[in-house]
Student: 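This is the structure I have questions about; it appears just below.
Here is how names work: the chains are called A, B, and so on, in the same order as the sequence lines, proteins then strands, and each is numbered from 1. Computed from a predicted structure; not experimentally measured.
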Amino acid sequence: MTPTAAHLASIRTPLLGWYDRNKRDLPWRRTKDPYAIWLSEVMLQQTQVSTVIPYWERFLARFPTVLALASAPLDDVLAGWKGLGYYSRARNLHRAAQEIVSRFGGKLPSSAEDLLSLPGFGRYTSGAVASIAFGEEAPLVDGNVARVFSRLFEVEGPPGDREREATLWELATLLVKGERPGDFNQSLMEHGATTCRPENPLCLLCPVRDACGAFRAGRVDELPPAKVRATPKKLTLALAVWSHADTLLFARRADSGLFGGLWELPAAEVDEDATPEETTLRLTAALGAGVRLESQLGTVKRQLTHRDLTLRLYRVSGPQRPSRSESFQELRWCTPTEAAALGMSTAMQRALEAAMTALA
DNA sequence: CAACCGTGGTG
DNA sequence: TCACCAAGGTT
């Protein structure tokens, strides 16, 4: 895979021109603040543009600078991320901000190489920030670019294939060299998102159709091959709905794993066909306090990428109201209003709504 | 390197 | 309804 200089130019120039004429007016394209651009790149990972826009604006207003983010409690950062998913992104963002303060004097390093050393900066995000915010000729490959290249150059192999990935990064490295590397990288992604789409690509409107191997060969529909996904595994959680006065008991999960660092109705994993006795034991162990199941308040189901999640709500009580537990970072009794400000997954919000409805 | 990590949009 | 997917990173 060694395209000629002429072939590269027949892609680079039209694509950049097309981008200048057709790029969407996105809020993070109106700023030159590296921190704001970094934030957009992290939020956009595996997430739709339309979903990100309101989050980006709100988060930036709440944490306007690297220093503000670094100084904030993780709990607040996760609350600002509430509902966006992939919460390790927020934990890594927070850690990276603190490292930027301690190692780089509070300013983002400008090279992809330095950025790569920070939490949450992989190859893609390092290249994106270095090229878009700092003008470095740093390559990037995301899902869009992979699709665009696999069609333009007829790169074979399924997503994840080692040789395929190496080829894609080589191509990105060759193509990014030239004027306005940040805009060029964005032109690749914008093209993939709007024209060279996964389904029903708009080849008739494509600015680089003449250079496209898949178009010439009539293979646009078969490149790239779809990724094979594992079937979701079942995960059943028993949730304790423990009310006292006008409050409910909430717990903050450990920082790693599913919903790491987020608040929840205290949860314990149970077997899909767990008996009430087993459920009682699990919740008692989790809370470190004797628990009695009063009644079942309902069930909430959620589909995650790798998990088929079932949340079973149990109204519980016990002889002693717990205030600490080994299983959780923190326990807290909260009114509904207070709970609304906590960092909580959408799944848990649904469960909480179901609990409140059942209790009302 | 395969598994893990969320959510909402789409056909 | 459901499978697929969207500007990935970590372990």
Student: Has the side chain of A:Asn92 got a donor or acceptor atom that lies under 3.5 Å from a matching backbone atom of A:Ser88?
Tutor: yes

Student: Could you check how far CZ of A:Arg91 sits from C1' of C:dT11, rounded to whole Å?
Tutor: 13 Å

Student: Could you pick out which residue, A:Ala347 or A:Arg162, lies toward the 5' side of DNA chain B when each is mapped onto its nearest nucleotide?
Tutor: A:Arg162

Student: Quick check against the 3.5 Å criterion: does A:Arg151 have a side-chain atom that pairs as donor or acceptor with the backbone of A:Leu223?
Tutor: yes

Student: Contact class for A:Gln303 (heavy atom, under 4.0 Å): base, sugar-phosphate, or nothing?
Tutor: base

Student: Is the distance between the ring centroids of A:Tyr55 and A:Trp81 under 6.0 Å?
Tutor: no

Student: For A:Arg147 and C:dA6, is the shortest distance between a side-chain N/O and OP1 or OP2 below 4.0 Å?
Tutor: yes

Student: Whole Å only: how far is the CD atom of A:Glu264 from the P atom of B:dG6?
Tutor: 12 Å

Student: At 4.0 Å (heavy atoms only), tell me whether A:Trp28 reaches a base, stays on the sugar-phosphate, or touches nothing.
Tutor: base

Student: Report yes if a side-chain nitrogen or oxygen of A:Arg89 is closer than 4.0 Å to either non-bridging phosphate oxygen (OP1 or OP2) of C:dG9; otherwise report no.
Tutor: no

Student: Does A:Tyr87 put a side-chain nitrogen or oxygen below 4.0 Å from OP1 or OP2 of B:dT7?
Tutor: yes

Student: Distance criterion of 3.5 Å, no angle test: do you see the side chain of A:Ser345 paired donor-to-acceptor with the base of B:dT7?
Tutor: no

Student: Assign the ring pair A:Phe63 / A:Phe59 to parallel, tilted or perpendicular, where the plane angle (0 to 90°) is split at 30° and 60°.
Tutor: tilted

Student: Have a look at A:Gly83 and say if it touches a base, only the backbone sugar-phosphate, or nothing, with a 4.0 Å heavy-atom cut-off.
Tutor: sugar-phosphate

Student: Within this structure, what is the CG-to-C1' distance between A:Asp308 and C:dA3, rounded to whole angstrom?
Tutor: 14 Å

Student: Is the base of B:dG6 touched by the side chain of A:Thr346 through a donor-acceptor pair closer than 3.5 angstrom?
Tutor: no

Student: Classify the nucleic acid contact of A:Arg24 as base, sugar-phosphate or nothing, counting any heavy atom under 4.0 Å across all strands shown.
Tutor: base

Student: Quick check: any donor-acceptor pair below 3.5 Å linking the side-chain of A:His306 to the base of B:dC4?
Tutor: no

Student: Look at all strands and tell whether A:Asn185 reaches a base, only sugar-phosphate, or nothing, counting heavy atoms closer than 4.0 Å.
Tutor: nothing

Student: Between A:His94 (NE2) and C:dT10 (P), how many Å, whole number?
Tutor: 17 Å

Student: Could you measure between the two P atoms, the one in C:dT11 and the one in B:dG6, and give it in whole Å?
Tutor: 14 Å

Student: Could you work out which one of B:dT7, B:dG8, C:dA6 sits closest to the side chain of A:Thr51?
Tutor: B:dG8

Student: With a cut-off of 6.0 Å (strictly less than), are more than 12 heavy atoms of other residues, nucleotides or ligands near CZ of A:Arg324?
Tutor: no

Student: Checking all strands, does A:Gly260 fall into the base, sugar-phosphate, or nothing category for heavy-atom contacts under 4.0 angstrom?
Tutor: nothing

Student: Establish, yes or no, whether the cationic atom of A:Arg321 lies under 6.0 Å from the six-membered ring centre of A:Trp333 and within 45° of the ring axis.
Tutor: yes

Student: Select base, sugar-phosphate, or nothing to describe what A:Ile132 touches, counting heavy atoms under 4.0 Å on all strands.
Tutor: nothing

Student: Any side-chain N or O of A:Thr125 under 4.0 Å from OP1/OP2 of C:dG9?
Tutor: yes

Student: Can you work out whether A:Leu258 or A:Ala230 has the more 5'-proximal nearest nucleotide on DNA chain B?
Tutor: A:Ala230

Student: Counting only side-chain heavy atoms from C-beta out, which of C:dC5, B:dG6, C:dG9 sits nearest to A:Arg229?
Tutor: C:dC5

Student: Could you check how far CD of A:Glu269 sits from P of B:dC4, rounded to whole Å?
Tutor: 12 Å

Student: Considering just the side-chain nitrogens and oxygens of A:Thr47, establish if one lies under 4.0 Å of OP1 or OP2 belonging to C:dA6.
Tutor: no

Student: Need one value for A:Arg29: base, sugar-phosphate or nothing, where a base atom within 4.0 Å counts as base even if backbone is also close, heavy atoms only.
Tutor: base

Student: Taking 4.0 Å as the cut-off, does a side-chain nitrogen or oxygen of A:Arg307 come that near to OP1 or OP2 on B:dC5?
Tutor: yes

Student: Counting distance only, does the side-chain N/O of A:Ser131 pair as donor-acceptor with the main-chain N or O of A:Pro181 below 3.5 Å?
Tutor: no

Student: How many whole angstroms separate atom CG of A:Asn200 from atom P of C:dC5?
Tutor: 13 Å

Student: Looking for any heavy atom pair under 4.0 Å, which part of the strands does A:Leu84 touch: base, sugar-phosphate only, or nothing?
Tutor: base

Student: If you draw the axis of the six-membered ring of A:Phe328, does the NZ or CZ of A:Arg253 fall within 45° of it and under 6.0 Å from the ring centre?
Tutor: no

Student: Think A:Lys82 has a side-chain N or O under 4.0 angstrom from the OP1 or OP2 of B:dG6?
Tutor: no

Student: Can you tell me if the side-chain N/O atoms of A:Gln48 get under 4.0 Å from OP1 or OP2 in B:dG9?
Tutor: no

Student: Please report, rounded to the nearest Å, how far the P atom of B:dG6 is from the CZ atom of A:Arg302.
Tutor: 12 Å

Student: Mapping A:Arg95 and A:Leu44 to their closest nucleotides on DNA chain C, which lands nearer the 5' end?
Tutor: A:Leu44

Student: Just the rounded figure in Å: distance from P of B:dC5 to OH of A:Tyr86.
Tutor: 9 Å

